[in-house]
S.K.: 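Before anything else, here's the structure in question.
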Amino acid sequence: MPAESAKALDAKKPGRLRRFLDSDIGWSFRRTPAAWLSAIVLVLLIATALLAPLIAVQNPYDLSQIFIDKAEIPPIWAKDGEWPFLLGTDPQGRDVLSAILYGTRVSLIIGIAAVIVSMALGVSIGLVSGYYGGRIDNLLMRLGDTVLSIPTLLMAILVSAIFRELLPPALREPFAAVVLVVSISLTNWVQYARTVRASTMVERRKEYVLAACIIKVAATRIMARHILPNTLTPVMVAATLNLGLAILSEATLSFLGVGMPITQPSLGTLIRIGNQYLFSGSWWLVVFPSLQLGLIVLSVNLLGDWLRDALNPKLR
């Protein structure tokens, strides 16, 4: 009987989705049309990018699937449009919609990876700086000030150029995504470090941290197990907002020719290629990748704005 009662109680417990919708954040999400609309759009964009091999007309990376005789076909609704090239083709005969789907996947992977790396780096530096203080804090924060004194784009170009020169020519294209992630990460960690540092300086003076110090708990354990969980809320908000910036940074670097190569096109690479044919009448080559990039960044920024307001106790 006790076992059956326990099972009945477990069956009556609401699921995770129901608990989320009933929470304060879930209520705010349901009451904010911009939040759930942008979430739906972002989920659709991510799903189509991940399922690109299944829904795309061709693989733009596979030369055997590219037909030169189908070059620069306009969108399907235009006079000379052809099925199944819904958004037309480029001068190499690649389907524009397929290239956008694969390019979206590349841009999202690089943007998410850059946010994760910069967040890990910034959180670690912020914890060490705020916990120890003194000369360590001064040194790390002056390093952050130095990074901020250089424009983000110029810093990313500089780091990307250095890493490209260090790599052998044969490895530059295969490691282009890794170089981009490192370049963007090394320019975006300062915001996380300053946010975590400020929270750490407040938390380290509280009783539970002082008690842990008295019983000789290791400093790394105190920072990781006790202080870090209390600093994650502003970090998650910053990460959501910086995801859009990371995707834009990747697109900008690729547009300038120091990002992803033509053989592994991202949205920025597609925009750079399409821009060369804008005034020749092939407008779809630059318009549709630009719209896709703008839609992704807009959806991420709207979600970030909502999350910032939802987690702000002063606005509840």
Side-chain angles (χ1 to χ4, degrees), residues 37-38 40-114 173-174 176-177 180 243-244 246-301:
L37 282 175
S38 59
I40 292 174
V41 172
L42 188 60
V43 168
L44 289 176
L45 293 175
I46 294 175
T48 53
L50 294 177
L51 298 175
L54 300 178
I55 61 178
V57 175
Q58 62 181 209
N59 183 351
Y61 305 146
D62 188 357
L63 297 179
S64 64
Q65 299 185 29
I66 298 176
F67 305 100
I68 300 298
D69 59 329
K70 300 295 184 180
E72 293 193 71
I73 295 177
I76 190 67
W77 58 84
K79 180 180 178 181
D80 297 325
E82 293 185 16
W83 179 265
F85 309 112
L86 297 180
L87 301 183
T89 60
D90 65 5
Q92 286 76 40
R94 293 184 298 190
D95 177 53
V96 172
L97 178 58
S98 301
I100 288 175
L101 294 178
Y102 278 88
T104 300
R105 183 164 58 173
V106 173
S107 296
L108 286 173
I109 291 174
I110 293 176
I112 294 173
E173 286 195 4
L180 275 176
L243 177 58
I247 294 174
L248 274 180
S249 298
E250 181 279 323
T252 303
L253 292 174
S254 297
F255 181 81
L256 295 175
V258 293
M260 296 301 295
I262 298 178
T263 55
Q264 306 173 48
S266 66
L267 291 177
T269 308
L270 294 177
I271 294 172
R272 174 170 62 88
I273 296 172
N275 188 58
Q276 302 173 3
Y277 300 91
L278 179 61
F279 296 104
S280 65
S282 301
W283 53 268
W284 58 90
L285 299 178
V286 65
V287 169
F288 294 125
S290 300
L291 289 176
Q292 179 83 341
L293 177 63
L295 197 58
I296 293 173
V297 176
L298 178 62
S299 300
V300 171
N301 287 343

S.K.: Between CG of Leu293 and CD1 of Ile100, what distance do you get to the nearest 0.5 Å?
M.R.: 10.5 Å
S.K.: Identify the two heavy atoms, one from Gly111 and one from Ala246, that lie closest to each other, and give their separation to 0.1 Å.
M.R.: O-CB, 3.8 Å
S.K.: Show the nearest heavy-atom pair for residues Ser299 and Val41, with the distance to one decimal.
M.R.: OG-CG1, 3.5 Å
S.K.: Do the side-chain N and O atoms of Gln58 and Ser98 include a donor-acceptor pair separated by under 3.5 angstrom?
M.R.: no
S.K.: Would you say CH2 of Trp83 has more than 12 non-hydrogen atoms from neighbouring residues, nucleotides or ligands within 6.0 angstrom?
M.R.: no
S.K.: For the residue pair Leu285 and Ile273, establish whether any side-chain heavy-atom pair is separated by less than 4.5 Å.
M.R.: no
S.K.: Walk me through whether Gln292 and Leu45 qualify under side chain to side chain contact (heavy atoms under 4.5 Å, CB included).
M.R.: CA-CA 9 Å; Gln292 179 83 341; Leu45 293 175; 3.6 Å; yes
S.K.: Looking only at heavy atoms, which two atoms of Thr269 and Pro261 are closest? And how far apart?
M.R.: CG2-O, 3.8 Å
S.K.: Roughly how far, to the nearest 0.5 Å, is CE of Met260 from CG of Leu270?
M.R.: 11.0 Å
S.K.: For residues Ala49 and Arg105, report the shortest heavy-atom separation together with the two atoms involved.
M.R.: O-CD, 3.5 Å
S.K.: Write out all pairs satisfying salt bridge (Lys or Arg N to Asp or Glu O under 4.0 Å) with one or both partners inside residues 267-289, taking only residues at least two apart or from two chains.
M.R.: none
S.K.: With rounding to the nearest 0.5 Å, note down the distance linking CG in Leu108 to CG in Leu50.
M.R.: 8.0 Å
S.K.: About how many Å separate CG of Leu243 and CG of Leu42, when rounded to the nearest 0.5 Å?
M.R.: 7.5 Å
S.K.: Measuring from atom CG of Asp90 to atom CG of Asp95, what distance do you get when rounded to the nearest 0.5 angstrom?
M.R.: 9.0 Å
S.K.: Tell me, do Pro75 and Trp283 make a side-chain contact under 4.5 Å, heavy atoms counted?
M.R.: yes
S.K.: Specify the closest pair of heavy atoms between Val286 and Gly274, including all atoms of both residues, with the distance to one decimal.
M.R.: CB-C, 3.8 Å
S.K.: Using the side chain to side chain contact (heavy atoms under 4.5 Å, CB included) definition, which of the options Leu267, Leu180, Ile271 pairs with Ser254?
M.R.: Leu180
S.K.: Backbone N or O of Thr104 within a donor-acceptor pair of the Ser107 side chain at under 3.5 Å?
M.R.: no
S.K.: Do Tyr102 and Ser266 come close enough that some side-chain heavy atom pair is under 4.5 Å?
M.R.: no
S.K.: For the CD1 atom of Ile296 and the CG atom of Asn301, what is their distance to the nearest 0.5 Å?
M.R.: 11.5 Å
S.K.: Counting C-beta onward and ignoring hydrogens, is there a side-chain heavy-atom pair between Phe288 and Leu87 closer than 4.5 Å?
M.R.: yes
S.K.: Can you confirm whether Leu97 sits close enough to Val57 that some side-chain heavy atom of one is under 4.5 Å from a side-chain heavy atom of the other?
M.R.: no
S.K.: Considering residues at least two apart in sequence or located in another chain, which fulfil the side-chain contact (heavy atoms from CB on, under 4.5 Å) criterion with Thr89?
M.R.: Ile73, Phe85
